S.K.: 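Handing you this structure, nothing more for now.
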Amino acid sequence: DAEALLGRVTELAPDHVDAWIDLGRLYVERRKWLTSREYFKQVTETYTQSPVRPDAKLGIGDTYLGEGSAESLVLAIAEFQEFLSFYPTHPRADYAQYKLAMTHFRRMRAPERDQTETGAAVREFEAFFDRYPNSMLTPEVRGKWREARSRLSEASYKVGLYYYRARWYPGAIDRFKEVLKADPNYPERDAVYYYLAESLVRTDKKAEAAPYYDRLVKEFERSTYLADAR
């Protein structure tokens, strides 16, 4: 029971550093971001040499990320970056790197909009894979990376589709090939294969188009484009 634990912590050790950490975490669970942050700040500002100060630093970042406003996400980025700068070998550095990526993930925009934050999220997720290949967080991180990477690919695909519909086929071909090169496992690549092949056909490059129809048929058992590709 959270209330009982809260009372026990304040009764037994109201001024102990571990109590502030426990209280901060309790209020994170309750989504009381401001209150939680104040307890974590008690640790970072008062117990500057404490071994749990890094945990408090992460806690502050978590409260900003949980708050989720435009301003708080900027502050979350700063907190996680500072943690990685101050504690690069800390056992929870992988967590900090993951949450840094997630701050950019939370700032991603729709595929039709600017993709700066999406690109930043992808880079930070990939930095996680490079630096912490054995982290237990990897399966969760990989799922989020896939979402961000797909958002980038979808944005490029939609530009290519716009060019295709405007009958500017060279521009469409460049965009579709860019998607396949950057993200060969893009889940929606059946559409990319199809419109790339169609664009090539419309520029009298039928021999180059055929392999893309073939890949669509071989890689997808179900697709809106399957019958036409066949």
Side-chain angles (χ1 to χ4, degrees), residues 1-108 116-145 147-148:
D1 179 82
E3 292 291 347
L5 182 55
L6 177 62
R8 178 175 173 80
V9 168
T10 53
E11 177 184 349
L12 295 179
D15 296 318
H16 193 273
V17 61
D18 291 334
W20 299 121
I21 293 288
D22 289 341
L23 288 167
R25 287 172 175 166
L26 279 175
Y27 280 107
V28 164
E29 292 177 4
R30 298 176 175 187
R31 303 175 68 84
K32 302 286 187 180
W33 311 120
L34 181 59
T35 303
S36 175
R37 190 154 55 241
E38 289 304 313
Y39 283 117
F40 289 133
K41 283 185 175 180
Q42 287 282 354
V43 177
T44 60
E45 295 172 4
T46 306
Y47 302 94
T48 57
Q49 302 303 314
S50 171
V52 298
R53 188 177 187 275
D55 291 314
K57 188 76 172 168
L58 285 178
I60 293 171
D62 284 337
T63 65
Y64 284 129
L65 181 58
E67 201 169 313
S69 68
E71 296 78 8
S72 67
L73 289 175
V74 171
L75 293 170
I77 290 172
E79 289 294 333
F80 294 126
Q81 285 177 334
E82 283 186 12
F83 181 96
L84 291 167
S85 177
F86 295 156
Y87 311 108
T89 61
H90 191 274
R92 298 188 70 197
D94 59 338
Y95 178 88
Q97 181 63 46
Y98 173 31
K99 292 301 180 176
L100 174 59
M102 286 302 298
T103 58
H104 292 290
F105 184 91
R106 292 280 298 276
R107 287 159 58 90
M108 293 191 315
T116 300
E117 288 297 330
T118 310
V122 168
R123 288 191 296 274
E124 296 298 350
F125 284 132
E126 291 176 349
F128 173 94
F129 298 137
D130 289 341
R131 296 171 188 169
Y132 313 104
N134 300 315
S135 172
M136 294 182 65
L137 297 171
T138 296
E140 182 178 350
V141 176
R142 193 165 296 282
K144 295 299 183 181
W145 169 84
E147 288 186 52

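Residue numbers run from 1 in the order of the sequence given. Nothing here was measured: the structure is a model prediction, and the numbers come from that model.
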S.K.: Does the side chain of Val74 reach to within under 4.5 Å of the side chain of Arg107, using non-hydrogen atoms?
M.R.: yes
S.K.: Is it true that a side-chain atom of Thr35 and a backbone atom of Lys32 form a donor plus acceptor pair closer than 3.5 Å?
M.R.: no
S.K.: For the pair Glu79 and Lys99, find out whether any cationic side-chain nitrogen is under 4.0 Å from an anionic carboxylate oxygen.
M.R.: no
S.K.: Side chains of Phe40 and Trp20: closer than 4.5 Å at any heavy-atom pair?
M.R.: no
S.K.: Quick check: does any side chain N or O of Glu117 sit under 3.5 Å from a backbone N or O of Phe105, one acting as donor and the other as acceptor?
M.R.: no
S.K.: Of the non-hydrogen atoms in Trp33 and Asp62, which two are nearest, and what is the gap between them?
M.R.: CZ3-O, 4.3 Å
S.K.: Which heavy atom of Gly66 sits nearest a heavy atom of Arg106, and at what distance?
M.R.: O-NH2, 4.4 Å
S.K.: Mind checking the OG1-OH spacing from Thr138 to Tyr132? Nearest 0.5 Å is all I need.
M.R.: 11.5 Å
S.K.: Only one of Arg37, Glu38, Arg31 forms a side-chain hydrogen bond (donor to acceptor under 3.5 Å, both in side chains) with Thr63, so which one is it?
M.R.: Arg37
S.K.: Kindly indicate whether the side chain of Tyr64, heavy atoms from C-beta on, has any atom under 4.5 Å from the side chain of Thr103.
M.R.: no
S.K.: Return yes if some donor-acceptor pair links the side-chain N/O of Ser85 with the main-chain N/O of Gln81 below 3.5 Å, else return no.
M.R.: no
S.K.: Any Lys/Arg nitrogen of Arg131 or Asp94 sitting under 4.0 Å from an Asp/Glu carboxylate oxygen of the other?
M.R.: no
S.K.: For the CG atom of Leu65 and the CD atom of Glu67, what is their distance to the nearest 0.5 Å?
M.R.: 10.5 Å
S.K.: Less than 4.5 Å apart, any side-chain heavy atom of Arg25 and any of Tyr39?
M.R.: no
S.K.: Please determine which of Phe128, Tyr95, Tyr98 meets the side-chain contact (heavy atoms from CB on, under 4.5 Å) test together with Ser135.
M.R.: Phe128
S.K.: Just how far is it from atom CD of Glu147 to atom CZ of Phe125, taken to the nearest 0.5 Å?
M.R.: 8.0 Å
S.K.: Could you check whether any side-chain N or O of Arg53 sits under 3.5 Å from a backbone N or O of Thr44, counting only pairs where one atom can act as donor and the other as acceptor?
M.R.: yes
S.K.: As an exercise, state the distance from CZ of Arg92 to OH of Tyr87, rounded to the nearest 0.5 Å.
M.R.: 12.5 Å
S.K.: Using a 3.5 Å distance criterion without hydrogens, assess whether the side chain of Ser36 forms a donor-acceptor pair with backbone atoms of Gly24.
M.R.: yes
